[in-house]
Amino acid sequence: MMIATVFKTSTPGTNSLMSTSSFDQADIISTVEFNYSGDLLATGDKGGRVVIFQREQESKNRPHHRGEYNVYSTFQSHEPEFDYLKSLEIEEKINKIRWLPQQNAAHFLLSTNDKTIKLWKISERDKRAEGYNLKEEDGRFRDPVRITTLRVPVLKPMDLMVEASPRRIFANAHTYHINSISVNSDYETYLSADDLRINLWHLEITDRSFNIVDIKPANMEELTEVITAAECHPHQCNVFAYSSSKGTIRLCDMRAGALCDQHSKFFEEPEDPSNRSFFSEIISSISDVKFSHNGRYMMTRDYLSVKVWDVNMETRPLETYQVHEYLRSKLCSLYENDCIFDKFECCWNGSDSAIMTGSYNNFFRMFDRNTKRDITLEASRESSKPRAILKPRKVCTGGKRKKDEISVDSLDFNKKILHTAWHPKENIIAVAATNNLYIFQDKVN
Amino acid sequence: MVLKKGCEKHGHLTSLFPFGKGVKRKRHEGDGQPAVQCAPQTFHCGTLLDLSLFKLRQNCVLAERNLHRSVLIANTLRRLQAEIHLESGCSEMPTGRLKPAQPPGQPASGANQVGPVSKPGRETITDLNNNLAGVTKPSLTEVPFCLLSGNDSSLSSAISTILQDLDFVEDLSPPPVQVSPEDDHDHLLPLKPASLDPRAEPRPPDSIFAAFEIADSNDFLIDGSLDAIFEDIDTSMYDIQQGFPAGTCPTSQPLKTTRSSPSIMAHNSRTDFTELENLMDLLAG
């Protein structure tokens, strides 16, 4: 089981002296994603900004700083918009970031808000050209009439600069709020999903997308179910999966037809009658779906649990992990204060042997699929001093509360960990706690 | 916010729907045993109904509308409504607008279904929102039933009021493209491009969910002659990209379309400069 060591916390956009209770809403982190190599970590926030962290290379001069993540680039990805006709505000909040595999020196990522997807190129510039013919050194243009000789500009070294430039803007294809984007394994296409539709894009074409799933009823009054998440299969470029608000997952094959409203596989677990309540449907709504790296399994997150499915078995999940079952008796209150609608994400480790997801009170949970052991850790400034070893936490569900346990009634439901990410190769995790980003790694002897 | 003290953010809700205050809770037996249900659930049905209606109305008037949340609340409302009518001894299902259409031949209520939920077999699974699928949940007979906060007519009027408030928003979204069943079997058909024209065909009157569609305001500026208004504005000075040192300030804004320049010579030199810039970018890697 992984023992966490904190070596970096970051609060982009906030004064480190400020208390966490007085942060700017725009600084709330809304998505976290490692790139394919794990050297870069991107975060998006509610203010439409993207902050990219880069892992430091090993250095003999600074052995203790091996593997530290430092800020690499910051840019404004999306701006707020306003639909004047419907008086609707279109948030600039970054809902998802997905990296593209690196094919040259530059890095590419997709970022999306509720309506528009953008492809960003992040590149380094460490040389500057000097000796232009048409431009002075201070940037003023030279009069072409006065140029009598020509010279070849010379490249000279300069301080490293990281540029982020939007390369493609994919807009006007989603009527509802985009909740997912997923890069296909062909590295040429990607899908985007909103509440009622899923579109397939080509990375080079921005003025057209193909609708592959449409669940919008002819009469909106008949609407009872929405799409909550979608993801492409990691290896089969024709297969994708999407989850619904009724706790179902559909696997679709794009070879079967132009419109994939007919699923190839349908995954649903029968409801446990002993746990039935008015809130059964709400808590069964799937907030995240992720394929395992080997493509054999799918993981889904609903309000109280994480389930691992074998893609070849549709009748029931392979494994079910209870995240915070002690909240089942609190559903009334959680419905009242809207916490029941919180959308938690989940993630796999690189070898698919462990899974992680967040909870309340800045707790996050990790489950080892092989040993069936689980651990609850807390991401907070008090317990996350650099180089500190995290102590496992436990929630007391009844009876006498032991030392270091926390009572269910004392949980802080304002402190929720919705977004987590796991390094694709190593035991390094990134945990977003409101406006703070925590990066933990396995203790190395 | 701590659950025990109620929600500060929704303090007014707490006063209207006193769930969190003074609620007696049964002690939990332990982790491995089924969680004890919320003790006061027996008299919460009417309160839940009022709360759900309040949330639905609140969600519809918020600047940021959440269709997912509204669907969940509406489904909960339907369930509560069904339970209220079931327990009040109504023989037929209510005709509120929130209720999805029942297919013919199926039982009007879940009253006849007791015991474990039986999921439909593979052949009965239909597409999302096709309403033919609807497995009506069995009644919660184990929960003794509640006092009503209002009768059918008051509930229907509350729902109607919400819908009327939303009805003024004209639905201007692109209609769903209806694919005939034959098209799905023809593998040679090209993929269906997403429709971007919001005025392709008229849509039925708005419903409680139709207000959630995001219409791009640019969709309505289809008339190209409007661009002529901006032709004399030279924005070329904002078109040049600039980089910043790592981790400091935001980088360049999205490239804007270059407007026509008044000076042909200046335009040519800027074009040359741009080409030279691109060349230097390639050399510099």
Side-chain angles (χ1 to χ4, degrees), chain A residues 71-72 75-76 83-84 86 89 91 105 115 125 127 129 134 144 160-166 172-173 175-176 195 199 208-211 214-217 220-226 245 257-259 261 266 270-271 273-274 278 281-282 328-329 332-333 336-337 341 397-398 409 412-414, chain B residues 1-4 7 10 13 17 19-20 27-28 31 34-36 38 63-64 67-69 71-72 75-76 79 97 100 116-117 119 125 127-129 131 169 173 176 179 184 189 191-194 196 207 209-210 213-217 241 243 245-247 250-252 254 269 273 280 284-285:
Chain A
V71 177
Y72 176 66
F75 58 93
Q76 187 74 31
D83 184 339
Y84 295 96
K86 285 198 170 185
E89 187 177 319
E91 261 194 309
K115 186 191 140 193
R125 183 192 291 269
K127 296 185 192 66
L134 296 175
L160 179 66
M161 233 180 240
V162 181
E163 294 178 335
S165 56
N172 301 333
T175 315
Y176 302 94
D195 292 319
N199 292 334
R208 195 188 329 169
S209 69
F210 295 103
N211 178 243
D214 188 344
I215 64 166
K216 184 176 181 178
M220 284 292 280
E221 292 180 359
E222 297 167 6
L223 182 64
T224 59
E225 195 170 2
V226 297
S245 56
L259 194 61
D261 283 356
F266 179 81
E271 186 185 8
S274 64
F278 290 120
E281 182 176 323
I282 299 179
R328 190 177 289 276
S329 61
C332 292
S333 299
E336 183 196 354
N337 61 28
F341 299 107
T397 56
D409 294 327
D412 189 342
F413 288 82
N414 269 333
Chain B
M1 174 184 68
V2 174
L3 193 62
K4 188 176 182 182
C7 177
H10 302 281
L13 268 182
F17 309 105
F19 280 122
R27 191 172 68 86
H28 293 280
D31 282 344
V36 176
C38 200
E64 313 163 5
L67 182 61
H68 178 201
R69 183 185 138 100
V71 166
L72 292 176
N75 289 347
T76 306
R79 201 163 175 170
R97 289 177 66 182
V117 178
K119 288 295 177 182
I125 296 169
D127 291 333
L128 298 180
N129 300 317
N131 293 321
V169 179
S173 69
V179 179
D184 285 336
L189 273 182
L191 291 175
K192 175 172 71 76
L196 299 178
S207 73
F209 297 124
E213 296 162 351
I214 301 170
D216 182 12
S217 51
Q241 263 180 280
T251 53
S252 58
S269 67
F273 176 73
M280 296 311 303

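Letters go in sequence order (proteins before strands), and every chain restarts at 1.
The CD1 atom of A:Ile282 lies 9.5 Å from the CZ atom of B:Arg79; values are rounded to the nearest 0.5 Å.
Here the shortest heavy-atom pairing between A:Glu225 and B:Val71 reads N-CG1, 3.8 Å.
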**Prompt:** Passes side-chain contact (heavy atoms from CB on, under 4.5 Å), A:Leu223 versus B:Leu67? Steps please.
**Reply:** CA-CA 10 Å; A:Leu223 182 64; B:Leu67 182 61; 3.7 Å; yes

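Taking the side chain as every heavy atom from C-beta outward, A:Glu281 and B:Leu72 approach each other to under 4.5 Å.
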